[in-house]
Structure formats: C-alpha cells, structure tokens
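Below is one structure; the comments refer to it alone.
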Amino acid sequence: MSFPPCVFAIGPKFRVGHVELTLDQLNDAGAGLFPGLVGIEVESVADGIVQAQLPLRNELMAPNGFLHAAAVVALADTACGYGCILSLPDGGIGFTTIELKTNFVRSAQQGTLTCEARLLHGGRTTQLWDATVSAPDGRAMAYFRCTQLVLR
C-alpha cells in the first residue's frame with residue numbers, strides 16, 4: 001500500500017482522499033518494506049504526533065553486543081516519516097528527507113524501544129520533526145531531528 005496525497009487524521013482512522021485507514025492499515029503499509037523488516041510498529045497517531053515502538057532482538061545488535069545505532073535512527077526516521085506523510089500541506093504528494101541528526105545518550109540490549117515524533121514546523125515547502133527514542137526503562141536514549149522536503 002502506498003500513501004496518496006491529502007492524508008489526515010480523523011479520530012482513530014485516517015482519511016486518504018476519500019478512503020479511511022485504520023492504524024492496522026497504516027502499519028500494513030510498511031509491513032513488507034523497511035519498517036516491517038526492522039520490526040517497527042506505529043502505536044498511535046494524533047495531530048502532529050506519532051508514537052511507535054521497536055522490540056529489540058539479536059539481529060538489531062552491533063558486534064559489540066549493544067543496539068546498532070542504525071536501528072534507533074530507523075525507528076525515529078520512520079515515526080517522523082509517517083507523521084510527515086500524514087501532515088502534508090495542500091498540494092503535497094510526498095516528501096523526502098533532506099537532513100537528519102541523532103544524539104545518543106545511552107544504549108539498550110533488550111526490551112522494547114519507544115519513540116515519540118513531534119512536528120515542529122509544518123510549512124508549504126519543508127517540515128521539521130523532532131523525535132525522542134526511549135529505552136525500555138523509559139529514559140531517553142536518543143534525540144533525533146530531521147527536515148523533510150515536501151514534494152509537489
């Protein structure tokens with residue numbers, strides 16, 4: 001499933017043009033793609049906020065036994081990307097990431113990571129998103145920021 005233009009949230013469902021999507025359908029859209037491969041699951045979507053999670057498993061670890069940084073970035077970037085596509089302005093048909101940055105403050109080896117992405121700027125040309133990825137104990141483990149270019 002791909003995302004057509006004009007996607008916006010309406011309660012527990014999302015409207016894409018004249019079609020409504022559930023959270024399950026939103027997750028299904030990424031199931032056979034990179035988000036599904038990594039194991040990312042979107043938990044909730046509200047106006048300018050996306051919450052997602054990533055259960056840790058051995059395949060996501062680096063050779064040193066700790067979580068690979070790319071898994072954390074994948075979780076944050078996916079949450080921000082879903083938020084961006086759900087927040088496109090009129091005339092926007094998609095987006096592409098033009099810049100991203102992550103600061104890591106701790107790691108994890110087991111449990112489930114959570115992520116909350118928030119829209120900071122939703123312009124006609126760009127969107128700016130921040131995400132906080134939290135360790136299984138609830139403490140922040142990474143701070144992520146990305147800039148998305150709206151495609152027309």
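Quick caveat: nothing in here was measured; it's all calculated off a predicted structure. If you read the sequence from its start, that first residue is 1, and numbering goes on from there.
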Item to check | Rounded distance [0.5 Å steps], OG in Ser134 versus CZ in Arg106 | outcome: 9.0 Å
Checklist outcome for this item: One should read off an interatomic distance between Glu43 CD and Thr112 OG1, to the nearest 0.5 angstrom, of 9.0 Å
Checklist entry - Do Ile49 and Leu23 share a hydrophobic cluster, counting only Ile, Leu, Val, Met, Phe, Trp and Tyr and linking them when any side-chain heavy atoms are less than 4.5 Å apart? => result no
Item to check | Gln51-Ser44 side chain donor-acceptor pair, cut-off 3.5 Å | outcome: yes
Checklist entry - If you group Ile, Leu, Val, Met, Phe, Trp and Tyr whenever their side-chain heavy atoms sit less than 4.5 Å apart, what else falls in with Leu119? => result Trp129
Next on the checklist: One pair to check against side-chain contact (heavy atoms from CB on, under 4.5 Å): Gln127 and Ser87. What are the steps and the verdict?
Outcome noted: CA-CA 9 Å; Gln127 290 189 10; Ser87 303; 3.8 Å; yes
Next on the checklist: How long is the straight-line distance from CZ of Phe95 back to SG of Cys146, given to the nearest 0.5 Å?
Outcome noted: 8.0 Å
Checklist entry - What do the steps show when you test Arg118 against Asp130 for salt bridge (charged side-chain N to carboxylate O under 4.0 Å, His left out), and what is the final call? => result CA-CA 5 Å; Arg118 291 187 170 267; Asp130 272 356; over 6 Å; no
Checklist entry - Are Leu86 and Val42 connected, step by step, through hydrophobic side chains (Ile, Leu, Val, Met, Phe, Trp, Tyr) whose heavy atoms are closer than 4.5 Å? => result yes
Item to check | Thr97 vs Thr147, side-chain contact (heavy atoms from CB on, under 4.5 Å): CA-CA, chis, key distance, verdict | outcome: CA-CA 6 Å; Thr97 303; Thr147 306; over 6 Å; no
Checklist entry - What are the two closest heavy atoms between Leu60 and Leu67, and how far apart are they? => result O-CD1, 3.5 Å
Item to check | Whether Gln109 side chain and Gly65 backbone form a donor-acceptor pair below 3.5 Å | outcome: yes
Item to check | Side chain proximity check, Val50 to Cys80, heavy atoms < 4.5 angstrom | outcome: no
Item to check | Where Val133 and Ala76 come nearest, the two heavy atoms and their spacing | outcome: CG2-CB, 3.9 Å
Checklist entry - Taking only residues two or more places apart in sequence or in another chain, which ones pass side chain to side chain donor-acceptor pair (under 3.5 Å) with Asn103? => result Lys101
Checklist entry - Is Phe34 reachable from Val73 through a run of I, L, V, M, F, W or Y residues, each pair having side-chain heavy atoms under 4.5 Å apart? => result yes
Next on the checklist: Run Thr132 and Phe144 through side-chain contact (heavy atoms from CB on, under 4.5 Å) and show every step you take.
Outcome noted: CA-CA 6 Å; Thr132 301; Phe144 176 91; over 6 Å; no
Item to check | Distance-minimising heavy-atom pair for Val150 and Gly92 | outcome: CG1-CA, 3.8 Å
Checklist outcome for this item: When every non-hydrogen atom of Ile40 is compared with those of Ala52, the smallest separation belongs to CG2-CB, 4.3 Å
Item to check | side chain to side chain donor-acceptor pair (under 3.5 Å) involving Arg152 - partner list, sequence neighbours excluded | outcome: none
Checklist entry - If you link I, L, V, M, F, W and Y whenever their side-chain heavy atoms are under 4.5 Å apart, who else ends up in the same group as Val105? => result Tyr143
Checklist entry - Hey, quick one: are Leu26 and Leu37 part of the same hydrophobic cluster, counting side-chain heavy atoms closer than 4.5 Å, chains of contacts allowed? => result no
Item to check | Any donor-acceptor pair under 3.5 Å from Gln148 side chain to Leu128 backbone | outcome: no
Checklist entry - What pairs of residues pass the side chain to side chain donor-acceptor pair (under 3.5 Å) test when at least one of them lies in residues 58-78, not counting sequence neighbours? => result Arg57-Glu59
Checklist entry - With sequence neighbours excluded, what pairs up with Gln110 under the side chain to side chain donor-acceptor pair (under 3.5 Å) test? => result none
Next on the checklist: Please report the interatomic distance CG(Leu75) to OG1(Thr114), rounded to the nearest 0.5 Å.
Outcome noted: 8.0 Å
Next on the checklist: If I compare all heavy atoms of Ala135 with all of Leu113, which pair ends up nearest, and what's the gap?
Outcome noted: CA-CD2, 4.1 Å
Checklist entry - Sub-3.5 Å donor-acceptor pair from the side chain of Arg145 to the main-chain atoms of Leu100, do we have one? => result no
Item to check | Spacing of Met141 atom CE and Thr102 atom OG1 [to the nearest 0.5 Å] | outcome: 11.0 Å
Next on the checklist: Could you see if Val38 belongs to whatever hydrophobic cluster contains Ile85? Use Ile, Leu, Val, Met, Phe, Trp, Tyr and a side-chain cutoff under 4.5 Å.
Outcome noted: no
Checklist entry - What are the two closest non-hydrogen atoms of Phe104 and Ala142, and how far apart are they? => result CD2-CB, 3.9 Å
Checklist entry - What distance separates Arg124 CZ from Leu88 CG, expressed to the nearest 0.5 Å? => result 14.0 Å
